[in-house]
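Shown next, in structure tokens, is the structure this report addresses.
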Number of protein chains: 2
Amino acid sequence: MNKSKVAVWGTGAMGRGIIELVQSKNSLQLVGVVARRSDKEGMDVGEALGFKEKVGVKVETKAGEMLKREKPDILLHSTCSKTSEAFPEIMTALEEGVNVITIAEEMAFPWYKEPELSVKLDNYAREKGLRILGTGVNPGYILDLLIITLTGASHSIKSIHAKRVNDLSPFGPSVMKTQGVGTTIDEFNRGMKDGTVVGHFGFPESISMISKALGWKIDHIEQEREPIISSVYRETPYVKVQPGMVAGCKHISRGYVGGEVKIYLEHPQQIHPHLEGVETGDYIQIEGVPPVNFVNKPEFPGGLATIALAVNMVPLVLKAPVGLLTMADLPVPRLL
Amino acid sequence: MNKSKVAVWGTGAMGRGIIELVQSKNSLQLVGVVARRSDKEGMDVGEALGFKEKVGVKVETKAGEMLKREKPDILLHSTCSKTSEAFPEIMTALEEGVNVITIAEEMAFPWYKEPELSVKLDNYAREKGLRILGTGVNPGYILDLLIITLTGASHSIKSIHAKRVNDLSPFGPSVMKTQGVGTTIDEFNRGMKDGTVVGHFGFPESISMISKALGWKIDHIEQEREPIISSVYRETPYVKVQPGMVAGCKHISRGYVGGEVKIYLEHPQQIHPHLEGVETGDYIQIEGVPPVNFVNKPEFPGGLATIALAVNMVPLVLKAPVGLLTMADLPVPRLL
């Protein structure tokens, strides 16, 4: 079997997981790793990321040089969330003739936020005969691709209602901050205004992907965030939440067609939801003929699933038609 | 919008449902209907099938003539379950330059039972620049495509265990017979021996589709059927089941890799399962990293879902690469 040559750009928690998973696959060969920060430059990837063994590939900081030298088949990109930030990095890969899978959330459906950059990416990828895919657990899988797949056996659909309930307890201080965990209600509200409390990143992308697949013309997309106020004491290594304080952020989004809510997505994220009897899980309800009532309990774990999707999609992307793709354009994902 | 021209071959319960659904879609135009039996030849399809309104298309019995005259983009084929029986009919469509979607169960993965016919179909479709797809609720969707999709976020998988529990109560006398409903245990066992009690049709196809997608080499596939013996009285318009008699057939199948069961599928089919506290539903459990525990309750209704899949796949098949395809080769199904 010819191995596919893979490079990874990004050495944070996701990049590290991607590198480990690539190493475990017989059909993939890791040929280069690029970090944004230079403090681990020149170290073996295994040493730099605390693996048990050396990897035989060194951490570099100049992506263009690595890509030109190693000529990977594909770059797995995990450095950022926004298309505007990912754009120059993806262009660097395309210039070197390298296909790209990115987990930047906006890139799951980049036409929503950045239509001009999307056209540029699509055109350049086609010109070079290459493919670009944005993926990840959410957006990219649970609240869009799985929903689309579950509409495949439908005669007609009135509305879609889906919810992903997860547990933030394993995450570090930066996630606590962006979800407002451990704040007072006043602090949470101020955080929403000044942009430090973000909630979920990706609802408009998911709604756009679903509506495009189903041929629905969305008039507008609304988003709302509200604090999940704890009635009990909750604690993680990074945060303590007293009763009356904020344990997380309930983020919802509505996609309207002709004045009616056709797609309603909900993502309440908090620490230790079970302390108040909340069961984590992925829930998809389709009101239509036939009705669909999907439950996956507990939920797909976000980090693990995003890492898996980035790696599992490699052979499907390499065989896909050229251009800027979404998960809905490709055959179903599957374990590599 | 250019409408796709659709012909339908088969006017049984499934063919009838497909014709109705095609009629409801703005992007499709019904141009021809072929029946196997000649008793309704020349009648308007609406009259022949008991619709409220005329359809403006007549029932014909000579498929080749209709296809040559109407030049449809695609034929929706629903006359049989076996590849050997579907083969000459599909070839007729290919000869006339027409793509095919069939709901013949074996055609969901025809290489399992009929590798030679599959190669012939694939070669001829490629030669003519056409596509053939086998689809349906099961095989084709619940116990194969959905399972594959749910492996997309996996790092590794130890085994797959899936179950589809449905209610046969709405079905007619022929289904009662093939599932052994209303027989004594002795009659059920004799029916299994003489081939009148069939159980589910499609397990080897589903297991083959999953294992091909995941790159698993299946050593062998086992199937077992056993009677579901009722402890209560159950009744439908077509059958009466006394306590101690057979209310349905529990059919299971195991796919082995290296001596271990990697894929276990179960499909207990009976009338009125709720009378003994059995909840209908589709259940998919993946033992792996991460674990997956999918439930859809109640189950996707078989007839409705098969009809929907046949129709919803039309645009995806028309855009697909040429040749003999499976659901795992195409982008995810979606409401048309």
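Each chain gets a letter, A, B and so on, in the order the sequences are listed, and its residues count up from 1.
- Between the CG atom of A/Leu214 and the CG atom of B/Leu336 there is a distance of 10.0 Å, given to the nearest 0.5 Å.
- For the atom pair CG (B/Leu316) and CG (A/Asp329), the distance works out to 10.0 Å, reported to the nearest 0.5 Å.
- Only the backbone of B/Ser156 comes within contact range of chain A, with heavy atoms under 4.5 Å apart.
- Looking at every heavy atom in both residues, A/His155 comes nearest to B/Lys25 through O-NZ, 3.2 Å.
- Neither the backbone nor the side chain of A/Val311 comes within contact range of chain B; no heavy atom of the residue lies under 4.5 Å from a heavy atom of that chain.
- Between the side chain of B/Arg334 and the main chain of A/Leu150, no donor-acceptor pair closer than 3.5 Å is present.
- Interface remark: B/Leu304 contributes backbone and side-chain atoms alike to the contact with chain A (heavy atom separation under 4.5 Å).
- In terms of heavy-atom pairs under 4.5 angstrom with chain B, the leader among A/Leu146, A/Val137, A/Val292, A/Thr135 is A/Val292.
- No part of A/Lys319 comes within reach of chain B, as not one of its non-hydrogen atoms sits under 4.5 angstrom from that chain.
- With chain B as the partner, the residue from A/Lys297, A/Glu299, A/Met327 showing the most heavy-atom pairs under 4.5 Å is A/Lys297.
- The main-chain N or O of B/Asn296 is never found under 3.5 Å from a side-chain atom of A/Asn293 such that the two would form a donor-acceptor pair.
- Within a 6.0 Å sphere centred on NZ of B/Lys212, other residues, nucleotides and ligands contribute 12 heavy atoms or fewer.
- Within the 4.5 Å cutoff, the side chain of B/Ser154 has heavy atoms near those of the A/Leu335 side chain.
- For the options A/Pro290, A/Ala213, A/Ser24, A/Gly17, heavy-atom pairs under 4.5 Å to chain B are most numerous at A/Ala213.
- Between the OG1 atom in B/Thr149 and the CD1 atom in A/Ile148 there is a gap of 11.5 Å [rounded to 0.5 Å].
- In this structure, the side chains of A/Phe294 and B/Val295 stay at 4.5 Å or more apart for every pair of heavy atoms.
- In this structure, A/Ala153 and B/Tyr141 approach most closely via the heavy-atom pair CB-CE2, 3.7 Å.
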